[in-house]
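First up is the structure itself, then whatever we jot down about it.
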Amino acid sequence: MKIIKINEKDNTAVALENLKCGERIGDLTLLQDIPMGHKLALCDIKKGEKVIKYGYPIGSAAEDIKRGSHIHTHNLKSDVAGKLSYTYKPDYTEIPETAHKTFMGYVRENGDVGIRNEVWIIPTVGCVNSVVKAIENNSKQFITENIDGVYSYNHPYGCSQLGGDMENTLKYLAGLIRHPNAGAVLVVGLGCENGNIGELKKYLGETNCERVKFLVSQEEKDEIEKGTELVKELCAYAGKFKREPCDTGKLKIGLKCGGSDGFSGITANALVGSFSDMLISKGGASVLTEVPEMFGAETILMNRCRTEKLFNKTVDLINNFKEYFLKYGEKTDENPSPGNKAGGITTIADKSLGCVQKGGSAVAVSYTHLTLPTNREVEDVLSYAEPVKKKGLSLLQAPGNDLVASNALAASGCQLVLFTTGRGTPFGCPVPTAKLSSNTTLYEKKKNWIDFNAGELIEGKKMTELTNEFFDFVLKVCSGVQTKSELLDKTELAIFKDGVTL
């Protein structure tokens, strides 16, 4: 098999390998070279006609396109518009609950479950980044067999911010402090910053004084010495937790893609969507974010909302993010990155229709071994850094940027982020970030980055078989097996900024 027609309605196919001009595939003769992952026309497409992929339009032909021709940025234009009105047309499938599984996690006093038992040192402001790093270095000596690590984090924010921009920082930091992967947390402030500890506590609410301690650097003679003393106490508290069997219903898993290519929507994202369905059937929760990568596929998500109230919240989620673009004079249809385009993605709708597969969106395919996920209903819509509250699939407000969106998932309480990619990336965030390759070439080349190969789906492996393998892999990660990103650096925080810096 050299090409894939994803949906029976499509007038395009995706090349599974580099194809040469003049090559014959069945009764189709290629009129141009088609790079791997890129699209080709299955019929003549007139200028202005819709180009169909995944069963939906991904744009309009900018010129007449002959059967067998390459379809990409030179002859396909985006049709995604600005703010729109929508009509609720429910279209989702409820899947019955299946037998739950267990993993070895850390049960917290409030009933939450962590998949790591780490001690975190979190600054309220970038001015104390060097302080928290020094405290971390001094505190490695306190790690015991039940503590998975002591980590300090850094970011440049917390001061000279105003309004909603400052609120984003405080909401984010509060989400990290509450996170169940942190057995204990030291919060370090400077003392004169806008987002000082007093302001942060308004977003944080009540805390266990054994688990969370606060340090204002300007109030201490030696803040590093004092911070080290506090971390010693926190390690003594965190060290009391031990791994024990936990139900999959306690898992909250973030879903993210980045550096996508032409295979992402039919392999890695589809596998994550299948995993999400399985997790939800076993009582868990999954969270889909990167709102700009819903543009062009938003009606699929809107119509999967369980209620009209959720539908209206999803409409606001989409239109408010478009307004965010427009107020800065940016277009809403220019999302694909240079890497996306090199990998075969042409328009934002092309990218988005592949992106939403992670949430379990159904796509009818013409090759029988690959069964893509069902229309899992949307159960909740969350603002930036808002905690995950419901089982099932939630949508989270955050941009497409890999680091910012993954950090947003962490701040909302996801214990693990599943990150699909066709191009590869080594980044990490405060929670384990498992990388799935959309193609085997990437997996073989970057085994130091990639944790799991979804490219096997286009090599004949059945979706059900690979989903079961991947689910078992995730449970191993949740039980302590480190992801590749954890072996690198995960200590730089990325916070969603939207406003003036004083």
Going by an N to O cut-off under 4.0 Å, is there a salt bridge joining [X] and [Y]?
X: Lys497; Y: Asp165; answer: yes
X: Asp79; Y: Lys50; answer: yes
X: Asp27; Y: Arg67; answer: yes
X: Lys46; Y: Glu63; answer: no
X: Glu386; Y: Lys171; answer: no
X: Lys39; Y: Asp350; answer: yes

Donor-acceptor under 3.5 Å ([X] side chain, [Y] main chain):
X: Gln397; Y: Tyr384; answer: yes
X: Asp316; Y: Lys313; answer: no
X: Ser406; Y: Asp402; answer: yes
X: Ser69; Y: Ile65; answer: no
X: Asn303; Y: Lys89; answer: yes
X: Thr248; Y: Lys282; answer: yes
X: Asn117; Y: Asp148; answer: no

Measure centre to centre between the rings of [X] and [Y], then say whether the value is under 6.0 Å.
X: His72; Y: His74; value: no
X: Tyr443; Y: Phe452; value: no
X: Phe496; Y: Tyr172; value: no

What is the distance from atom [atom1] of [X] to atom [atom2] of [Y], rounded to the nearest 0.5 Å?
X: Asn319; Y: Tyr86; atom1: CG; atom2: OH; value: 5.0 Å
X: Asp64; Y: Ile45; atom1: CG; atom2: CD1; value: 10.0 Å
X: Leu271; Y: Ser264; atom1: CG; atom2: OG; value: 12.0 Å
X: Met278; Y: Ser276; atom1: CE; atom2: OG; value: 11.0 Å
X: Leu288; Y: Asn269; atom1: CG; atom2: CG; value: 9.5 Å
X: Thr299; Y: Met294; atom1: OG1; atom2: CE; value: 12.5 Å

Discussion item. Atom NZ of residue position Lys47 - does it have more than 12 heavy atoms of other residues, nucleotides or ligands inside 6.0 Å?
Written reply: no
Item to complete: Could you tell me which residues satisfy ring-ring contact (aromatic ring centres under 6.0 Å, His included) with His179, sequence neighbours excluded, listed by chain and number?
Response: Trp120
Worksheet entry | Partner set under ring-ring contact (aromatic ring centres under 6.0 Å, His included) for Tyr106, not counting sequence neighbours | none
Check [X] against [Y] and note the closest heavy-atom contact, atom names and distance.
X: Pro292; Y: Phe321; value: CG-CE2, 3.5 Å
X: Cys478; Y: Ile115; value: O-CB, 3.4 Å
X: Lys5; Y: Glu8; value: NZ-O, 3.3 Å
X: Asn407; Y: Pro430; value: OD1-CD, 3.4 Å
X: Thr440; Y: Glu456; value: OG1-N, 4.1 Å
X: Ile318; Y: Val291; value: CD1-CG1, 3.9 Å

Any chance the side chains of [X] and [Y] put a donor and an acceptor closer than 3.5 Å?
X: Ser274; Y: Thr467; value: yes
X: Thr483; Y: Asp451; value: no
X: Lys490; Y: Tyr153; value: yes
X: Asn448; Y: Lys484; value: no

Fill in: Evaluation steps, salt bridge (charged side-chain N to carboxylate O under 4.0 Å, His left out), between Asp498 and Lys327
CA-CA 11 Å; Asp498 178 21; Lys327 79 176 181 180; 3.6 Å; yes
Discussion item. Using the side chain to side chain contact (heavy atoms under 4.5 Å, CB included) criterion, which residues pair with Glu379? Sequence neighbours excluded.
Written reply: Arg306, Glu377
Worksheet item: Is NZ or CZ of Lys322 both nearer than 6.0 Å to the six-membered ring centre of Phe295 and within 45° of the ring axis?
Response: yes
Practice prompt. Please say which of Leu353, Ile300, Thr12 ends up in a side chain to side chain contact (heavy atoms under 4.5 Å, CB included) with Tyr54.
Written response: Leu353
